[in-house]
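What follows is one structure encoded as structure tokens, with my remarks underneath.
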Amino acid sequence: MSNVLSRLHSASLVIPLALVLGACQQPAKPVDVNIAAINDFHGNLAATPFTYADATAPTGKVSLKAGGINALSGVVGELRKQDPQLLLIGAGDMIGGSPPMSSMWADEPTLEALGELGLKFSVVGNHELDLGKLELQRQINGGCVSPRPDKACQFDNNYSGTRFPYMAANLIDAQTGKPLLPAYRIEQANGAKIAFVGAVLRDLPAYVSQQSMDGLYTIDEAEAINAQLPELRKQGVDAVVAVIHQGGETAERFDQQDCSQLKGDIVDVARRLDPQIKVVVTAHTHQGYLCRLGDKLITQGSSFGRLLTHITLTVDPVNHQLLDAKAQNIVVDPARYPPLAEIAALQADIEARSNAHLNKPVARIATREITRTLNDAGESAMGDLIADAQLHATRALGADVALTNLGGIRTDLILEPGQQHLTYGQVASVQPFNNTLNILTLSGAQLKQLLEQQWQNNGFGFYPLQPSASLTYRWDASKPQGQRILADSLKINGKPVLPEQRYRVTVNSFMAGGGDNFTVLNQASQRVDTGLNDLQALVDYLQARDHTGQPAGAGGAQQRIEKVGQALADTTASNGP
């Protein structure tokens, strides 16, 4: 071969190779990573009522039954058609506080269904710890040694645990001083590496029993999440998403883009997160929102699977940068989203095995609907009913009054068309926590202080206790916090409550430990755990009233609480402090 031909031949080999090398060095195009987030599912395998404002609807609102595992699978299936690498994640309270279709089986069917649906992970919520560390670990890892042997491994006698991990960077094992569960999880989708760092609310002890916190403590959410970033940078992640079982609230619509009126505990946490974290998936407050806090996108998808939050991250995998994040909250409408076949089959099996017990008739009620809707004073028909049932169960043991918390009332009692008797499943859905009734001895002054604690500074604001008929009082909205209960109006059985006199107050076992920030209850001079189950107390009361020919329940609150001074309060608010 001549020298010229040899040089040409060599060039023909070199040029294509240079082109190839040049092509490899070209920046990769940004990619989209799709996330489907659910929060506060609480074992709601069946759809539940959901109402939201809609100016285009004839009545200005839309009411439907939404959520449930079937319709949820339908939405996830639709999103996976658009992106097969969709990441399905949970922000906590996937279980606990569940309707009986799930709780009667120790929530194992819910965990099975979520695993079948492809949940990548869930953050721990407060309700995952309803029965403490050991039961949560059993539910994750499998096995049948449980504090509720009548429920565990009854659906599947070889229960093998979840198919997905739980995580929380700030839930610390007191014995080791390290997180009980993994702090983060890295997922890859469409060529990008996304780190999800989880946390449970710092104030966890206020929302679980003292026994549930045995061997555990929490540290600050933001600090625990930020502490993971150096390790995540070493692993070359392209974006970091915080998933926190803590939340806020806003008056804005659940689907309003870039809402700006978010308030509550999550705001402080989000502000203290590292600037690298631009997306915060939240939970706990059962609200729906798509808010912006500075350059951070903060989302939540209501509760019970009635909304699913679809988040799209636009990522530069070469420079490890999150370029954009947007989200929408999708109404999980069973009429619009048919279920995936495998989920439908599992749900049918759960229903068939549950309904023989759940469909048993319990009692008639005096009205077609008994709801949790609070009147202006903070009282509801359902709250009245439950408090009356608990006093009825404990009066013979010396109780003077009963009080129940809003969080302990999970749903309304609504008769279907043609239905005459409530079923056991309907009643059990109201109180699924298996609490016992405790009688605490408080002075009159402590009782007043307890009622003052209904105004809280933790994002819940006014959090009214629901009273039995024996307790009446008025409160003044114009008074400063801590001075709103009008002492001369506070009465038990029509008689003024005296500061030094002792009164016996029935509460559920969660409240008896100071739950929901009602810390005055920890100061009770005497306490008796009656061993009476709160759900059974409600069943017994409904049946006793039905048998006398005077079914229980009312269409509205019974005006045991009266709010006064609103006009003055409005004037004060408009003029400033």
Side-chain angles (χ1 to χ4, degrees), residues 34-52 62-80 86-103 105 107-128 162-164 166 243 245 247 254-255 281-290 299-311 327-340 342-344 346-348 350-351 354 410-412 425 429 432:
N34 287 288
I35 300 166
I38 55 176
N39 60 275
D40 298 280
F41 187 64
H42 289 291
N44 277 265
L45 294 166
T48 55
F50 185 51
T51 299
Y52 59 92
V62 173
S63 296
L64 73 161
K65 283 192 172 183
I69 198 67
N70 274 344
L72 193 62
S73 78
V75 177
V76 172
E78 285 296 313
L79 293 176
R80 282 197 180 125
L86 175 82
L87 302 175
L88 177 63
I89 69 171
D93 279 5
M94 297 295 100
I95 55 173
S98 308
M101 189 185 295
S102 182
S103 63
W105 309 110
D107 280 320
E108 291 164 15
T110 294
L111 296 171
E112 171 65 20
L114 292 171
E116 182 72 26
L117 193 51
L119 190 69
K120 293 293 186 181
F121 65 83
S122 178
V123 166
V124 170
N126 51 293
H127 282 289
E128 267 89 6
T162 62
R163 303 188 209 176
F164 55 89
Y166 271 95
V243 188
H245 192 78
F254 68 85
D255 57 353
V281 178
T282 76
H284 186 54
T285 51
H286 293 201
Q287 303 290 307
Y289 49 73
L290 306 167
T299 72
Q300 189 178 163
S302 185
S303 60
F304 306 166
R306 295 173 299 188
L307 295 179
L308 180 143
T309 306
H310 178 206
I311 303 167
Q328 60 176 325
N329 273 330
I330 301 170
V331 177
V332 181
D333 183 355
R336 182 175 177 183
Y337 298 102
L340 300 176
E342 59 273 23
I343 295 296
L346 176 58
Q347 175 70 353
I350 298 168
E351 290 180 357
S354 304
R410 304 305 288 185
T411 189
D412 304 326
S429 294

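These values consider heavy atoms only, across backbone and side chains, with no hydrogens, waters or symmetry-generated copies.
Atom CZ of residue Arg80 and atom CG of residue Leu340 lie 7.5 Å apart, to the nearest 0.5 angstrom. To the nearest 0.5 Å, the span separating CG on Leu88 from OG on Ser73 amounts to 10.5 Å. Distance check: Arg306 CZ to Ile38 CD1 gives 13.5 Å after rounding to the nearest 0.5 Å. Considering CD of Gln287 and OG of Ser302, their distance stands at 7.5 Å, rounded to 0.5 Å. Taken from CH2 in Trp105 to CD in Glu112, the straight-line distance is 14.0 Å, to the nearest 0.5 Å. Distance OG1/Thr162 to CG/Asp107: 12.5 Å, rounded to 0.5 Å.
Below 30°, between 30° and 60°, or above 60°: for His42 and His127 the angle between ring planes is above 60°, a perpendicular geometry.
Across Leu72 and Phe41, no two heavy atoms sit closer than the pair CD2-CE1, 4.1 Å. The nearest pair of heavy atoms linking Pro100 to Gly425 is CG-O, 3.4 Å. Minimum interatomic distance between Ala91 and Asn39 (heavy atoms only, all atoms of both residues): CB-CB, 3.8 Å. Shown here for Pro334 and Ala66, the closest heavy-atom pair between the two residues is CD-CA, 4.0 Å. Considering all non-hydrogen atoms of both residues, Asn70 and Ala344 come closest at OD1-CA, 3.4 Å. Nearest heavy-atom pair across Gly43 and Thr110 is CA-OG1, 3.4 Å.
Side-chain contact, Ser103 with Ser98: no donor N or O sits under 3.5 Å from an acceptor N or O. When only modelled atom types and interatomic distance are considered, Thr411 and Ser429 share no side-chain donor-acceptor pair under 3.5 Å. Using modelled atom types and a 3.5 Å distance limit, the side chains of His310 and Asn34 yield a donor-acceptor pair.
Of the candidates Thr299, Thr282, Thr309, Asp255, Thr282 is the only one forming a side-chain hydrogen bond (donor to acceptor under 3.5 Å, both in side chains) with Tyr289. Between Gln300 and the choices Leu307, Asn329, Asp40, the side chain to side chain contact (heavy atoms under 4.5 Å, CB included) rule is met once, by Asp40.
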For a quick test of your reading: what N or O donor-acceptor pairs under 3.5 Å do the side chains of residues 113-124 make, sequence neighbours left out?
residue, atom, partner, partner atom, Å
Glu116, OE1, Arg163, NH1, 3.2
Glu116, OE1, Arg163, NH2, 2.9
Ser122, OG, Gly92, N, 3.4

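Panel note: side chain Glu128, backbone Gly125; a donor-acceptor pair is recorded below 3.5 Å. Listed for the Asp93 side chain is a donor-acceptor partner under 3.5 Å among the backbone atoms of Asn126. Gln347 places a side-chain N or O within donor-acceptor distance of the main-chain N or O of Leu45, the cut-off being under 3.5 Å.
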**OP:** In sequence, state the C-alpha distance, the side-chain angles, and the governing distance for Phe164 and Leu111, and then conclude on side-chain contact (heavy atoms from CB on, under 4.5 Å).
**Re:** CA-CA 9 Å; Phe164 55 89; Leu111 296 171; 3.9 Å; yes
Original post:
Going through the checks in order, is the side-chain contact (heavy atoms from CB on, under 4.5 Å) test met by Leu308 and Leu79?
Top reply: CA-CA 11 Å; Leu308 180 143; Leu79 293 176; 3.8 Å; yes
